[in-house]
Amino acid sequence: FLRLLYARAGEAYSYLSGKKMVRYTEEQVIDLIIRDYEGRRIYLLAPVVRNRKGHYKELFETIRRKGYLYVCVDGEIREIAHGMKLDRYKNHSIEIVVDKLCVQQKDDKRLHASVATAMQQGEGQLMVYDAETETVRHYSKRLMCPETGLSYRDPAPHNFSFNSPQGACPRCKGLGYVSLIDMDKVIPDRNLSVYEGAIQPLGKYKNSMIFWQIDALLEKYDADVKTPVKDLPEEALNEILNGSMDRVRIKSQLDYYVTYEGLVKYIQMMQENETSASAQKWAEQFSKTVTCPECGGRRLNKEALHFRMADKNIAELSAMDIGELYDWMLHVEERLTDRQRKIAPEILKEIRSRLKFLMDVGLDYLSLNRSSVSLSGGESQRIRLATQIGSQLVNVLYILDEPSIGLHQRDNRRLINSLKALRDTGNTVVVVEHDEDILRAADWLIDVGPDAGRLGGEIVYEGSLDDVAKETSPKSHTVNYLNG
């Protein structure tokens with residue numbers, strides 16, 4: 001429900017400019033153009049390529065066949081020539097020039113037709129280029145930053161889940177941490193030279209390609225493999241570890257040039273799932289686990305983290321204690337916009353209800369982003385218990401094994417009330433427990449004994465709490481304990 005809340009009622013902000021994202025209908029776009037550009041000469045542009053590499057020869061030919069004569073390439077208006085193409089190794093942005101016009105109220109029909117065409121060609125986006133000021137504004141039917149033109153997909157609940165490719169941080173894949181090469185493990189002793197084995201993954205010098213490449217790299221810095229690492233320039237060490245932009249010349253009878261991608265990339269390749277278990281184990285000894293630098297451990301991508309409710313993103317809410325989050329949810333409606341107040345009430349009601357169930361079983365100190373492996377057995381059971389209470393199922397048999405584990409004595413009453421609520425909705429609840437409060441709250445007691453392990457296994461007492469006071473069975477330690 002928290003993901004649904006952000007998908008339906010969250011407000012989007014640009015992660016580039018921090019500005020609030022907007023979306024327009026065609027009518028709104030036309031009204032804005034008339035208001036802002038009346039009497040001025042403009043170009044209506046339809047974006048088709050955004051900052052991607054390629055020569056785009058076929059694209060230009062397709063645009064020309066559609067009847068368009070001009071395109072805007074990297075901010076420059078150009079006439080489409082036959083066979084026109086760009087540098088395939090550089091990033092380019094390309095827009096179709098749909099129309100050039102001086103904005104007038106009387107040309108309303110032409111403006112309507114051109115905006116509709118630009119929106120169609122630009123898949124819901126268009127740009128307006130002001131010929132006088134040489135500035136560009138962006139308009140879109142989708143969520144878009146009016147300053148930079150950055151657009152977001154229409155949000156859906158899976159966009160806010162780190163278990164979904166659409167929501168997960170692309171760097172850590174939704175884990176919140178990444179494995180990085182630890183340079184102190186790769187080069188533990190900088191007094192040694194490469195020849196003497198300073199680079200731990202490579203060991204001592206061998207007559208092999210990687211050592212020839214390193215030797216060739218060091219030549220540029222007036223050094224060789226026998227120079228101590230501490231005396232190498234930082235730039236040389238960086239190239240050894242991270243690779244060189246230039247091709248490396250290997251000297252032999254016939255000199256030849258090779259690409260050197262660096263030691264770090266080689267170790268990272270060994271960590272990939274496709275490699276053998278022994279190769280992965282070898283690579284892991286040179287790695288360390290750190291918080292993901294892109295998402296800061298929040299596990300979601302930039303888009304998801306820039307949707308807000310009352311100035312908080314979903315990761316900030318997930319990091320709150322459940323008790324704190326419940327209080328926030330109680331008072332959030334007064335801080336919402338009119339649009340959000342129309343959408344959010346029913347979703348907020350469901351969230352509050354589920355948070356209340358968690359609080360009723362004594363879990364108000366946990367947070368929603370708490371890792372499941374860090375929970376105690378009692379905490380896991382109480383979470384499942386809260387889930388079942390919320391499901392409102394009937395005629396179900398529930399068996400709980402010591403749900404009071406990890407629960408402070410003062411919170412026992414809340415757990416007991418939750419168990420009774422589950423019973424009162426028409427279910428049977430069997431609890432394996434040693435806690436006195438829970439034993440005294442039970443409708444029926446069954447004591448298996450008389451002792452533990454192989455010394456037990458018999459039913460030594462069965463009955464209600466009222467019957468306990470009448471029982472004087474020497475076999476039942478539980479009865480004797482409850483009778484004082």
Side-chain angles (χ1 to χ4, degrees), residues 14-17 21-26 29-30 32-34 36-104 107-154 170 245-247 257 259 261 303:
S14 167
Y15 59 75
L16 293 178
S17 67
M21 306 286 270
V22 295
R23 69 167 97 216
Y24 301 111
T25 63
E26 282 186 20
V29 171
I30 291 164
L32 288 169
I33 291 174
I34 292 172
D36 297 335
Y37 294 100
E38 189 169 8
R40 297 164 76 171
R41 185 167 180 76
I42 63 167
Y43 293 74
L44 288 178
L45 311 176
V48 288
V49 173
R50 179 67 61 85
N51 201 32
R52 294 204 310 267
K53 291 180 181 178
H55 57 68
Y56 297 109
K57 182 179 178 181
E58 294 82 4
L59 176 64
F60 289 130
E61 186 61 27
T62 301
I63 294 170
R64 191 174 67 84
R65 285 176 183 171
K66 287 180 178 179
Y68 299 105
L69 302 177
Y70 296 91
V71 288
C72 182
V73 179
D74 301 329
E76 179 188 354
I77 304 292
R78 294 170 61 176
E79 187 175 358
I80 303 174
H82 183 71
M84 177 178 172
K85 61 181 180 178
L86 307 175
D87 186 337
R88 65 182 300 177
Y89 299 106
K90 291 183 178 178
N91 287 327
H92 302 286
S93 293
I94 302 170
E95 296 89 31
I96 301 171
V97 179
V98 175
D99 200 358
K100 307 176 189 176
L101 70 158
C102 185
V103 179
Q104 303 286 347
D107 286 337
D108 198 28
K109 286 185 179 178
R110 177 181 173 182
L111 185 59
H112 268 80
S114 297
V115 166
T117 304
M119 283 286 191
Q120 183 182 8
Q121 296 296 329
E123 296 184 350
Q125 297 182 73
L126 71 80
M127 298 160 61
V128 176
Y129 175 76
D130 189 330
E132 295 176 23
T133 61
E134 297 184 350
T135 56
V136 173
R137 282 193 194 171
H138 302 263
Y139 302 90
S140 176
K141 290 181 179 179
R142 297 184 291 175
L143 285 169
M144 181 206 67
C145 172
E147 191 171 294
T148 63
L150 173 72
S151 64
Y152 291 171
R153 296 163 291 189
D154 285 337
M245 298 290 288
D246 304 319
R247 303 184 76 187
Y257 292 83
T259 302
E261 295 185 329
E303 277 189 27

Undergrad: Holding to salt bridge (Lys or Arg N to Asp or Glu O under 4.0 Å), I want the full list of residues that pass it with D154, two or more places apart in sequence or in another chain.
TA: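 Residues passing salt bridge (Lys or Arg N to Asp or Glu O under 4.0 Å) with D154: R23.
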Undergrad: Over all heavy atoms of both residues, which pair between R40 and D130 is shortest? Give the atoms and the distance, please.
TA: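 Residues R40 and D130, closest heavy atoms: NH2-OD2, 2.5 Å.
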Undergrad: Out of curiosity, D99 CG to L111 CG, how far, rounded to the nearest 0.5 Å?
TA: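 If I round to the nearest 0.5 Å, the distance is 8.5 Å.
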Undergrad: Would you mind reporting whether V136 and V128 have side-chain heavy atoms less than 4.5 Å apart?
TA: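 Counting from C-beta outward, V128 and V136 never come under 4.5 Å.
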Undergrad: Does anything in residues 45-81 form a ring-ring contact (aromatic ring centres under 6.0 Å, His included)? List the pairs, not counting sequence neighbours.
TA: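 Qualifying pairs: none.
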Undergrad: What are the two closest heavy atoms between P47 and L126, and how far apart are they?
TA: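 Shortest heavy-atom separation between P47 and L126 comes out as CD-CA, 3.9 Å.
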Undergrad: How would you list, by chain and number, every residue that makes a salt bridge (Lys or Arg N to Asp or Glu O under 4.0 Å) with E26, sequence neighbours excluded?
TA: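 Applying salt bridge (Lys or Arg N to Asp or Glu O under 4.0 Å) to E26 gives K141.
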Undergrad: Carefully, step by step, assess D36 and R137 under the rule salt bridge (charged side-chain N to carboxylate O under 4.0 Å, His left out).
TA: CA-CA 11 Å; D36 297 335; R137 282 193 194 171; 2.7 Å; yes
Undergrad: To the nearest 0.5 angstrom, please state how far the CZ atom of R50 sits from the CG atom of N91.
TA: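 R50 atom CZ to N91 atom CG measures 12.5 Å (nearest 0.5 Å).
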Undergrad: State, to 0.1 Å, how close R41 and K100 come at their nearest heavy-atom pair, and which atoms those are.
TA: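 Taking every non-hydrogen atom into account, NH2-CB, 3.8 Å.
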Undergrad: S17 and C145: which non-hydrogen atoms are nearest, and at how many Å?
TA: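 So the two residues come closest at OG-SG, 3.1 Å.
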Undergrad: Quick one: pull up OG1 in T25 and CE in M119 and give me the separation to the nearest 0.5 Å.
TA: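 So the gap between those two atoms works out to 8.0 Å.
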Undergrad: Give the intermediate values and the outcome of side chain to side chain contact (heavy atoms under 4.5 Å, CB included) for residues V71 and M84.
TA: CA-CA 11 Å; V71 288; M84 177 178 172; 4.1 Å; yes
Undergrad: Does this structure show an ion pair linking E61 with R65, if we count only N-O contacts that are shorter than 4.0 Å?
TA: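 Salt bridge flag = yes for R65 with E61.
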Undergrad: Please round to the nearest 0.5 Å and tell me the distance separating atom OG of S114 and atom CD1 of I42.
TA: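 So the OG of S114 and the CD1 of I42 are separated by 8.5 Å.
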Undergrad: Any ring-ring contact (aromatic ring centres under 6.0 Å, His included) involving residues 116-142? Give me the pairs, sequence neighbours left out, ordered by first then second residue.
TA: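 Checked against ring-ring contact (aromatic ring centres under 6.0 Å, His included) - neighbours excluded - the pairs reaching residues 116-142 are Y24-Y139, Y43-Y129.
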Undergrad: When rounded to the nearest 0.5 angstrom, what distance separates CD1 in I77 from CD in E95?
TA: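 So the gap between those two atoms works out to 8.0 Å.
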Undergrad: Looking at CG of D74 and NE2 of H92, how far apart are the two atoms once the value is rounded to the nearest 0.5 Å?
TA: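 It comes to 6.0 Å.
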Undergrad: Apply side chain to side chain contact (heavy atoms under 4.5 Å, CB included) to the pair L86 and V73, showing each step before the final yes or no.
TA: CA-CA 9 Å; L86 307 175; V73 179; 3.8 Å; yes
Undergrad: Mind checking what makes side chain to side chain contact (heavy atoms under 4.5 Å, CB included) contact with S140, not counting sequence neighbours?
TA: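 Testing S140 for side chain to side chain contact (heavy atoms under 4.5 Å, CB included), a comparison that skips the adjacent residues, returns Q125, R142, M144.
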Undergrad: According to side chain to side chain contact (heavy atoms under 4.5 Å, CB included), who are the partners of E38, at least two apart in sequence or on a separate chain?
TA: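 Per chain and number, E38 pairs via side chain to side chain contact (heavy atoms under 4.5 Å, CB included) with I34, Q105.
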Undergrad: Given the rule in the side chain to side chain contact (heavy atoms under 4.5 Å, CB included) test, do Y89 and K53 qualify, once you have shown the distances and angles that lead to the verdict?
TA: CA-CA 6 Å; Y89 299 106; K53 291 180 181 178; 5.6 Å; no
Undergrad: Work out which heavy atom in V98 is nearest to a heavy atom in A46; give both atom names and the distance.
TA: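 For V98 and A46, the tightest heavy-atom pair comes out as CG2-CB, 3.9 Å.
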Undergrad: Checking side-chain contact (heavy atoms from CB on, under 4.5 Å) between L44 and each of V97, V115, I96, which is the one that passes?
TA: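 With L44 as partner, side-chain contact (heavy atoms from CB on, under 4.5 Å) holds for just one option, V115.
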